[in-house]
Peer 1: 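Here it is: the structure, laid out below.
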4 protein chains.
Amino acid sequence: MPRKPNTEARRAEIVQALQSVMATQGYEKATIQAIAKAAGLAPGLLHYHFKSKQEILVSLVTTLADFGQRRFEQIVGSADDPMQRLSAYLEARLELGEGAAPEVVAAWVMIGAEAVRQAEVREVYQRAIANELDLLADLLAACMQRQQRATGSARELAAGLLALMEGAFLLASAAGAVMPVGYASQAALRYAVLSMETAPPG
Amino acid sequence: MPRKPNTEARRAEIVQALQSVMATQGYEKATIQAIAKAAGLAPGLLHYHFKSKQEILVSLVTTLADFGQRRFEQIVGSADDPMQRLSAYLEARLELGEGAAPEVVAAWVMIGAEAVRQAEVREVYQRAIANELDLLADLLAACMQRQQRATGSARELAAGLLALMEGAFLLASAAGAVMPVGYASQAALRYAVLSMETAPPG
Amino acid sequence: MPRKPNTEARRAEIVQALQSVMATQGYEKATIQAIAKAAGLAPGLLHYHFKSKQEILVSLVTTLADFGQRRFEQIVGSADDPMQRLSAYLEARLELGEGAAPEVVAAWVMIGAEAVRQAEVREVYQRAIANELDLLADLLAACMQRQQRATGSARELAAGLLALMEGAFLLASAAGAVMPVGYASQAALRYAVLSMETAPPG
Amino acid sequence: MPRKPNTEARRAEIVQALQSVMATQGYEKATIQAIAKAAGLAPGLLHYHFKSKQEILVSLVTTLADFGQRRFEQIVGSADDPMQRLSAYLEARLELGEGAAPEVVAAWVMIGAEAVRQAEVREVYQRAIANELDLLADLLAACMQRQQRATGSARELAAGLLALMEGAFLLASAAGAVMPVGYASQAALRYAVLSMETAPPG
DNA sequence: AATGAATGAGTGTTCATTCAT
DNA sequence: GATGAATGAACACTCATTCAT
């Protein structure tokens with residue numbers, strides 16, 4: 001009587017454990033032993049389900065990216081007015097960075113640092129960033145169109161918005177104590193609204 | 001006849017070498033051997049001049065922070081008009097993130113990630129961030145005062161500006177290939193100018 | 001209704017798979033997983049049919065030795081004249097070493113190396129070698145008797161012949177590229193014929 | 001005051017220790033720990049002097065090959081008559097296989113097995129074999145020339161002689177107990193002498 | 001000040017073996 | 001009989017740190 005495969009569930013547990021450990025220890029110090037312990041599994045099992053530690057990391061990046069995508073759709077899909085959609089998204093996203101899900105945020109920051117030095121990680125990270133950029137640009141373009149403005153600068157505005165968000169995540173994780181409380185979502189919204197207002201009519 | 005004490009020079013060389021290696025390898029992979037090689041020194045010498053590897057890192061953080069401070073003063077000190085000062089600073093700072101000094105930028109990003117997990121690094125990193133925040137707030141306040149506006153929101157505006165800058169550094173290092181060219185300095189200036197314009201008269 | 005006991009068939013499949021993997025990977029790198037994959041079986045099944053990995057190896061050694069024995073009888077049994085029998089055997093055996101069955105030959109070479117360090121393997125390996133030595137000695141003795149020579153040196157001549165053959169197998173597997181083509185069977189036959197001619201009349 | 005390099009001496013010690021351990025344990029079971037223990041060194045030191053375990057092995061192969069070369073020249077260089085040279089060489093070489101230097105012989109056999117599966121080892125092993133083949137062919141050709149025979153078959157004869165020798169090494173290591181005593185050098189000499197006698201006049 | 005060999009704990013990874021199903 | 005997940009001890013290799021010179 002064969003044992004039924006549970007690989008997918010185990011993989012998810014392991015990826016989750018990596019996120020958890022990475023948030024406080026970084027990738028290098030997130031040892032296989034530490035991940036296994038966090039997941040309540042035997043160390044050897046991690047290499048049964050993943051070929052390498054890097055594969056766990058890549059899996060985490062795509063998981064978080066997918067999670068972001070779904071979250072985007074959830075938040076934004078519930079509203080009609082483009083401006084409401086933008087505002088809802090920025091608030092939801094940046095409240096995360098300021099306390100609601102610090103583990104996810106810190107893990108994401110660590111992933112950014114790993115992307116600098118691991119080509120394979122960089123690849124999936126860049127895909128996620130490019131995707132987020134597209135989503136933001138669409139969101140902004142919709143607002144601008146409603147305001148009867150040219151949408152040509154939407155992508156560049158979106159880039160600034162994304163930088164502001166990612167920077168807020170980094171600072172929340174690494175220097176949260178010295179930053180003003182709740183500045184980020186307001187700054188993002190302000191940047192978006194005012195920037196769009198300066199776009200020429202289209 | 002005493003030997004010439006060249007400790008300070010050696011320390012600077014070593015710190016510089018750490019920055020160089022860290023930019024591409026990260027902190028953990030910046031091994032003592034690799035740093036020594038980059039500095040053209042014998043490995044054993046590093047522990048003669050520094051108690052530990054972490055001490056080199058802390059030294060690098062303060063060096064970069066001081067460098068940023070001096071650069072701030074240089075750039076900004078040469079102008080009279082507050083708005084010109086602000087504009088000059090943002091451009092100088094963000095052009096760095098987009099190609100001019102990628103090594104410094106990448107090393108700084110890595111330091112941010114290390115600050116998340118090493119308390120001692122976090123301490124000096126936060127000090128540097130707090131300092132930059134103060135400088136930016138002062139710069140903005142001066143502009144706002146000239147515009148006869150209330151300066152009460154200067155610090156919060158500065159926080160958003162700092163987040164945008166740090167985010168731009170991170171994205172330049174980790175996902176430069178997928179970001180629009182030259183978006184950052186424009187976004188920062190736009191954010192600063194427009195934000196200040198919405199501040200109430202004071 | 002009892003299940004069909006297919007243990008013997010399964011064991012043979014597994015032993016065959018070990019031979020196949022061992023030929024290119026050696027014994028240590030012939031992992032249970034790799035053997036299972038080569039056999040198209042689940043890894044756990046191997047330890048159902050064999051107590052340990054070494055038991056599979058021992059089984060392979062005896063299988064190959066038996067195979068050699070049967071092959072000997074087949075080849076040699078079909079001829080009448082002792083000299084023809086000898087010649088047929090050497091050709092058949094050494095053509096193997098030079099391309100016809102490189103997998104079997106390489107596996108046999110690996111087994112020789114394992115025999116050096118595993119007592120249990122050495123035991124069965126030595127039995128196989130001793131047996132081959134006996135067979136060869138008989139073959140030579142028959143030739144010598146026909147030539148009316150003393151057969152006292154048959155065993156020693158056989159030992160040289162066996163060494164030549166085993167050496168040819170080793171060199172075919174490890175350095176086939178640098179050896180002359182088809183030298184082995186000729187060398188063996190030459191050695192045998194000429195050696196016997198120098199034996200004193202008996 | 002700098003410490004003076006002792007790398008070459010240490011490397012030789014380590015290579016020697018690998019030979020020693022490999023003779024009884026094989027390459028895979030010759031763990032870094034075991035080699036270090038045999039050399040009386042700390043395990044970490046082995047990777048200070050060698051990049052990898054395989055590099056130690058490659059170093060051993062070339063060391064043994066060089067040793068064989070020098071030994072060849074020593075043995076053979078001391079005699080004038082080609083036949084005496086050949087005879088001296090075969091005796092010296094094969095006595096080794098039968099007791100005088102079992103460690104070297106067993107290590108060499110293990111190396112042959114590793115050459116089957118490691119391309120880099122195979123390369124240096126083949127070079128050593130090719131070299132030995134050349135030397136033997138030269139030795140045989142000199143004898144044949146003295147006997148006023150055609151030397152065209154010298155290389156093929158040498159190949160058989162080499163196979164006989166390598167086979168004798170293998171059997172001495174893996175099945176010494178069942179082989180006749182002292183058969184090898186006689187068989188080799190007999191093979192060489194008789195084979196040459198059948199070569200056509202040249 | 002400077003060198004580079006030496007140490008040993010720790011890393012990711014492999015793997016024979018076991019076992020619940 | 002058969003499956004494939006699970007275990008844990010081993011492995012090669014890395015590395016900050018120490019130290020004799």
Side-chain angles (χ1 to χ4, degrees), chain A residues 1-7 9-11 27-36 40-56, chain B residues 2-7 9-10 28-36 41-56, chain C residues 2-7 9-10 28-36 40-56, chain D residues 1-7 9-11 28-36 40-56:
Chain A
M1 208 164 1
R3 171 177 273 220
K4 73 177 67 159
N6 63 345
T7 292
R10 278 279 181 263
R11 281 177 66 101
Y27 178 69
E28 293 293 334
K29 294 291 183 187
T31 66
I32 292 289
Q33 294 266 350
I35 302 168
L41 301 173
L45 194 54
L46 273 64
H47 279 91
Y48 180 80
H49 291 294
F50 289 92
K51 201 183 61 189
S52 68
K53 187 183 161 188
Q54 184 182 266
E55 197 187 284
I56 311 180
Chain B
R3 286 165 180 268
K4 177 170 57 172
N6 59 354
T7 294
R10 280 276 183 264
E28 294 292 335
K29 295 289 183 188
T31 68
I32 292 289
Q33 296 270 349
I35 301 167
L41 301 173
L45 199 53
L46 273 65
H47 277 87
Y48 180 83
H49 291 295
F50 290 92
K51 198 184 61 193
S52 68
K53 186 182 160 188
Q54 185 182 262
E55 200 186 280
I56 312 178
Chain C
R3 287 164 180 270
K4 178 169 54 171
N6 58 354
T7 293
R10 280 276 183 265
E28 294 292 334
K29 294 289 182 188
T31 68
I32 292 288
Q33 297 270 348
I35 302 168
L41 301 173
L45 199 54
L46 272 64
H47 275 88
Y48 181 84
H49 291 296
F50 289 91
K51 198 183 61 193
S52 68
K53 187 182 160 187
Q54 184 182 264
E55 199 186 281
I56 312 179
Chain D
M1 206 166 358
R3 172 178 274 222
K4 74 177 68 160
N6 64 345
T7 293
R10 279 277 181 264
R11 281 177 67 102
E28 294 292 336
K29 295 291 183 187
T31 67
I32 293 289
Q33 295 266 350
I35 301 168
L41 302 173
L45 194 55
L46 273 63
H47 279 93
Y48 180 80
H49 291 294
F50 289 92
K51 201 182 62 192
S52 67
K53 187 182 160 187
Q54 184 182 263
E55 196 186 286
I56 311 179

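Below, read A as the first sequence line, B as the second, and so on, with proteins coming before strands; counting in each chain starts at 1.
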Peer 1: OP1 or OP2 of F:dA12 versus the side-chain N and O atoms of D:Ser52: is any pair under 4.0 Å?
Peer 2: no
Peer 1: With sequence neighbours left out, write down each residue that passes side-chain hydrogen bond (donor to acceptor under 3.5 Å, both in side chains) with B:Glu55, or none if nothing qualifies.
Peer 2: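 Residues passing side-chain hydrogen bond (donor to acceptor under 3.5 Å, both in side chains) with B:Glu55: none at all.
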Peer 1: By nearest heavy atom, map C:Ala30 and D:Thr7 onto DNA chain E; which one lands nearer the 5' end?
Peer 2: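 Final value for this comparison: D:Thr7.
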Peer 1: Is the shortest side-chain N/O distance from A:His49 to OP1 or OP2 of F:dA6 below 4.0 Å?
Peer 2: yes
Peer 1: Roughly how far, to the nearest 0.5 Å, is CD1 of A:Ile35 from NZ of A:Lys53?
Peer 2: 6.0 Å
Peer 1: Quickly work out the D:Asn6 CG to F:dA20 P distance and round it to whole Å.
Peer 2: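 Going from CG in D:Asn6 over to P in F:dA20 covers 15 Å.
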Peer 1: So, taking the atom named OG1 in A:Thr31 and the one named CG in A:Leu46, what distance separates them when rounded to the nearest 0.5 Å?
Peer 2: 10.0 Å
Peer 1: Test of understanding: with side chain to side chain contact (heavy atoms under 4.5 Å, CB included), list the residues that count as partners of C:His49, not counting sequence neighbours.
Peer 2: C:Thr7, C:Arg10, C:Arg11, C:Ile14, C:Leu45
Peer 1: May I have the distance from C:Phe50 (atom CZ) to E:dC15 (atom P), rounded to whole angstrom?
Peer 2: 20 Å
Peer 1: How long is the line joining CD of C:Gln54 and P of E:dA16, in whole Å?
Peer 2: 13 Å
Peer 1: Under the rule for side-chain hydrogen bond (donor to acceptor under 3.5 Å, both in side chains), what residues qualify as partners of A:Glu28, not counting sequence neighbours?
Peer 2: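 Expected list: A:Arg117.
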Peer 1: Would you compute the distance between atom OH of A:Tyr48 and atom CD of C:Gln33 and round it to the nearest 0.5 angstrom?
Peer 2: 6.5 Å
Peer 1: With sequence neighbours excluded, tell me which residues meet side-chain hydrogen bond (donor to acceptor under 3.5 Å, both in side chains) with D:Gln54.
Peer 2: D:Glu120
Peer 1: Stem ranges for DNA chain F, with three or more consecutive Watson-Crick or G-U pairs under 3.5 Å?
Peer 2: E:2-21 with F:2-21
Peer 1: Quick check on F:dG4: is either OP1 or OP2 less than 4.0 Å from any side-chain nitrogen or oxygen of A:Arg10?
Peer 2: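 Looking at the OP1 and OP2 atoms of F:dG4, neither is under 4.0 Å from any side-chain N or O of A:Arg10.
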Peer 1: Please name the pair of heavy atoms, one in B:Ala42 and one in B:Ala36, separated by the smallest distance, quoted to 0.1 Å.
Peer 2: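 Heavy-atom minimum between the residues: C-CB, 4.1 Å.
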Peer 1: Nearest whole angstrom, please: distance from the C1' of F:dG8 to the OH of A:Tyr48.
Peer 2: 16 Å
Peer 1: Could you tell me how far apart A:His47 (NE2) and E:dA16 (C1') are, to the nearest whole angstrom?
Peer 2: 17 Å
Peer 1: Collect all protein-nucleotide pairs involving nucleotides 8-11 of chain E in which both atoms are nitrogen or oxygen and the distance is under 3.5 Å.
Peer 2:
none

